[in-house]
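These notes concern the structure reproduced below.
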Protein chains: 2
Amino acid sequence: MKKVTINSVAQYAGVSKKTVSRVLNNEPNVSPATREKVLKVFKELDYRPNPIARGLARNKSFIIGCLYDNPSKSYITRVQSGALEACHKHNYNLLIHPCELRGEALIDNIDQLLTTSRLDGLVLTPPFSDSRELIEFLKQKNINYALVASAIQDDESISVCSNDEQGAFELTEHLITLGHTDIAFIKGHPDHSATENRFNGYKRALEQHQIPLQERLVAEGNFSYHSGADSAKAILDLTPRPSAVFASNDYMAAAVLKLATQRQLRVPEDLSIAGFDNAPIARHIWPGLTTIAQPVEEMTRQAVEQLILQISEPQDTVYQCVLEARLITRESTAANH
Amino acid sequence: MKKVTINSVAQYAGVSKKTVSRVLNNEPNVSPATREKVLKVFKELDYRPNPIARGLARNKSFIIGCLYDNPSKSYITRVQSGALEACHKHNYNLLIHPCELRGEALIDNIDQLLTTSRLDGLVLTPPFSDSRELIEFLKQKNINYALVASAIQDDESISVCSNDEQGAFELTEHLITLGHTDIAFIKGHPDHSATENRFNGYKRALEQHQIPLQERLVAEGNFSYHSGADSAKAILDLTPRPSAVFASNDYMAAAVLKLATQRQLRVPEDLSIAGFDNAPIARHIWPGLTTIAQPVEEMTRQAVEQLILQISEPQDTVYQCVLEARLITRESTAANH
DNA sequence: TGACATTATGACACCGGTGTCAGATGGAGG
DNA sequence: CCTCCATCTGACACCGGTGTCATAATGTCA
């Protein structure tokens with residue numbers, strides 16, 4: 001079983017390397033007869049072009065890098081699965097690169113990654129998609145990238161996000177409609193733009209229903225289960241206790257649920273709880289969490305698809321899209337009485 | 001900012017390409033003075049060798065592929081995180097490749113992956129690590145690989161696993177010690193060797209304590225939350241109802257807990273529940289799940305580390321290791337009364 | 001001091017593709 | 001029948017490194 005290279009194909013077919021290369025890349029100016037002949041040899045010898053050699057010649061790697069720093073495992077796997085779908089469709093591969101936004105060496109780290117891996121492009125997921133410094137660096141280095149769930153408004157960046165503000169608004173309104181007025185809110189990580197967007201949606205809903213915002217009901221979390229547990233403690237210790245809690249993601253909501261149950265509070269009778277993201281845990285616990293479904297896979301899929309498009313044939317105008325978030329009601333929210 | 005290649009370094013340092021290459025690869029037979037000089041130029045020009053060119057010349061990609069087909073997101077991210085740690089330590093990168101074991105086209109799929117990506121090696125996680133067909137294929141193709149959590153006994157395969165049988169034994173014994181004799185068991189996916197190992201540990205503990213195995217208490221799951229929910233229904237409908245349930249992983253255990261709670265059963269007073277893996281969900285729900293902690297990251301880290309070692313300098317004897325699993329007791333198990 | 005082993009260095013081909021350009025071929029138009 | 005242009009094809013350099021081998025420089029020993 002010896003290696004089949006472009007040379008052996010060329011020799012076998014009785015044409016030049018270059019002609020084989022033309023057929024390989026679907027270039028014009030090859031006579032139908034020749035093309036047919038070469039294609040037949042491809043099949044016969046089971047020829048597979050060497051992507052490394054091709055990469056060297058074209059200065060491409062056919063690899064997309066995916067940057068993340070997110071405490072939620074399910075978010076990461078959803079991101080990966082969307083990215084992989086787009087990659088495989090176009091014969092790219094995905095290289096994952098978790099790293100810390102806050103590390104002083106972020107830019108160095110990415111620079112290192114780019115030079116040691118020759119990535120063709122980068123997908124930035126939150127919180128990286130909100131880092132102007134990183135985006136500036138990539139622009140200057142002329143690296144293609146796409147932003148997922150970014151708040152940055154920028155004509156030059158491929159960007160796919162979902163409507164966090166509207167989602168949070170609808171969820172809050174859902175609680176208000178159920179008769180809740182004292183609705184606690186647990187914020188996410190301050191580095192993520194989603195944190196502010198969701199908080200804004202919450203505030204807008206209160207405002208629209210003429211419910212004053214109570215600072216005492218707002219807790220600072222960071223999207224981790226642990227931070228949710230801390231916030232839950234603070235909130236459940238309040239007197240009077242709010243009748244509902246809206247956590248900025250499902251993990252923190254699950255932490256609230258756990259503490260509430262430990263304290264013998266009945267959910268939703270004594271306390272309504274809502275989350276955000278529709279993570280698996282939202283339906284794995286009892287009562288199931290009312291939440292907002294974000295199309296994470298779809299966002300990432302579209303972002304990567306556009307990124308690859310941009311790589312293969314640079315466009316002047318760049319793809320930007322906002323997908324809709326969707327309210328999912330489960331057992332954790334009920335009327336206030 | 002023009003490209004710094006080995007040629008420019010050579011020219012700048014006044015030596016040949018080859019000498020630069022020697023310094024780059026720490027080869028002997030370079031005079032200290034020359035080496036020093038070249039190293040200085042590296043710094044000065046901020047030279048980074050092009051891994052693609054190097055890959056072409058050496059027929060290497062410095063990329064490890066990670067194969068998985070596992071319903072548990074947390075398992076996957078733990079696998080990835082261990083694999084990444086080892087990869088980055090040795091300047092490799094990780095390419096992830098989820099695919100289906102059962103697809104008739106598995107071998108084709110992997111063949112395709114290998115030829116389009118030129119991976120230097122493959123980490124097989126369950127259930128792939130138990131596929132003799134795949135392993136045979138890789139051997140024949142001369143591809144380096146490492147097995148994670150495999151039951152296959154084979155002197156030629158790098159393998160790191162944990163002691164599932166013993167873990168299940170200890171967990172079952174824990175339940176028996178608490179006074180339980182009617183202990184239901186939910187099996188995992190039949191393609192995973194862990195499924196049989198865990199079941200064997202359960203049976204051995206029963207046997208050792210002279211408790212007859214009751215077929216009616218054994219349910220077939222497949223590690224998914226959904227299958228756990230189905231099994232839970234079957235088990236909780238039994239009369240008499242068992243006093244404890246041991247699910248082969250935490251997701252299925254969580255499903256049992258959810259159904260039990262929905263049916264107003266008190267856990268652990270009315271029903272003890274235990275899982276396996278120590279997935280995040282085990283501590284995110286109330287009551288927390290008694291479970292067995294598996295060192296997933298560590299297994300994968302060691303496997304990849306050995307794989308890379310094998311790639312860079314082939315060994316005659318191959319690394320094999322069994323790590324210990326550890327019982328973690330939480331609130332979901334208590335004495336039977 | 002000469003014979004020989006050892007170390008240091010560079011010239012050159014090569015990995016497996018792609019880009020450039022020149023030349024061959026064939027058909028249309030005068 | 002010749003000119004001109006469009007279409008096809010291949011020779012060759014190149015991408016940025018590594019492997020092989022010849023040769024130069026240095027050291028060792030008799």
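So that the names make sense, note that chain A is the first sequence line, chain B the second, and so on, each numbered from 1. Side-chain atoms are counted along with the backbone in the values below, which use heavy atoms only and exclude waters and symmetry mates.
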Between CG on residue A:L24 and CZ on residue A:R35, distance to nearest 0.5 Å:
11.0 Å

More than 12 heavy atoms of other residues, nucleotides or ligands under 6.0 Å from CD of B:Q315: is that the case?
yes

For A:N144 and A:I158: C-alpha separation, side-chain torsions, deciding distance, then whether side chain to side chain contact (heavy atoms under 4.5 Å, CB included) applies.
CA-CA 9 Å; A:N144 284 300; A:I158 295 171; over 6 Å; no

For a quick check under 3.5 Å, do B:Q302 and B:E298 share a side-chain donor-acceptor pair by atom type?
yes

Check: A:K17 side chain, C:dG17 base, donor-acceptor under 3.5 Å:
yes

For A:Q310 and A:Y319, does a side-chain donor sit closer than 3.5 Å to a side-chain acceptor?
no

Identify, residue by residue, the members of residues 20-28 of chain A with a heavy atom below 4.0 Å from DNA chain D, and return them in order of residue number, or none.
A:R22

One thing to verify: whether A:D120 and A:R58 come together as a salt bridge, which I'm taking to mean a side-chain N less than 4.0 angstrom from a carboxylate O.
no

If each of B:V30 and B:R118 is mapped to the nucleotide of DNA chain C with the nearest heavy atom, which maps nearer the 5' terminus, i.e. the 5' end?
B:V30

Can you tell me the distance, in whole Å, between the CG atom of B:N29 and the C1' atom of D:dA22?
15 Å

Protein-nucleotide distance (B:Y12, atom OH; D:dG16, atom P), rounded to Å:
19 Å

Name every residue in residues 31-38 of chain A that has at least one heavy atom under 4.0 Å from any atom of DNA chain C, in order of residue number, or write none if there are no such residues.
none

Rounding to a whole Å, what distance do you find between A:N7:CG and D:dG10:P?
13 Å

Passing option when A:L124 is tested against A:D130, A:I135, A:I110 for side-chain contact (heavy atoms from CB on, under 4.5 Å)
A:I135

Distance, nearest 0.5 Å, that separates OG1 of A:T19 from CD of A:E27
10.0 Å

Within this structure, what is the CD-OG1 distance for the pair B:E297 and B:T77, rounded to the nearest 0.5 Å?
8.0 Å

Ignoring backbone atoms, test whether B:T5 places a side-chain nitrogen or oxygen under 4.0 Å from the OP1 or OP2 oxygen of D:dG16.
no

For the side chain of A:K18, counting heavy atoms from C-beta on, which of C:dT20, D:dT9, D:dG16 is nearest?
C:dT20

Would one find more than 12 heavy atoms of other residues, nucleotides or ligands at under 6.0 Å from atom CD of A:E44?
yes

Is a donor-acceptor contact shorter than 3.5 angstrom present between the side chain of B:K3 and the base of D:dG16?
no

Assess whether a salt bridge exists between A:D111 and A:K141, defined as any Lys/Arg side-chain N lying under 4.0 Å from an Asp/Glu carboxylate O.
yes

Neighbours of DNA chain C within residues 45-64 of chain B, by heavy-atom distance under 4.0 Å
B:L56, B:A57

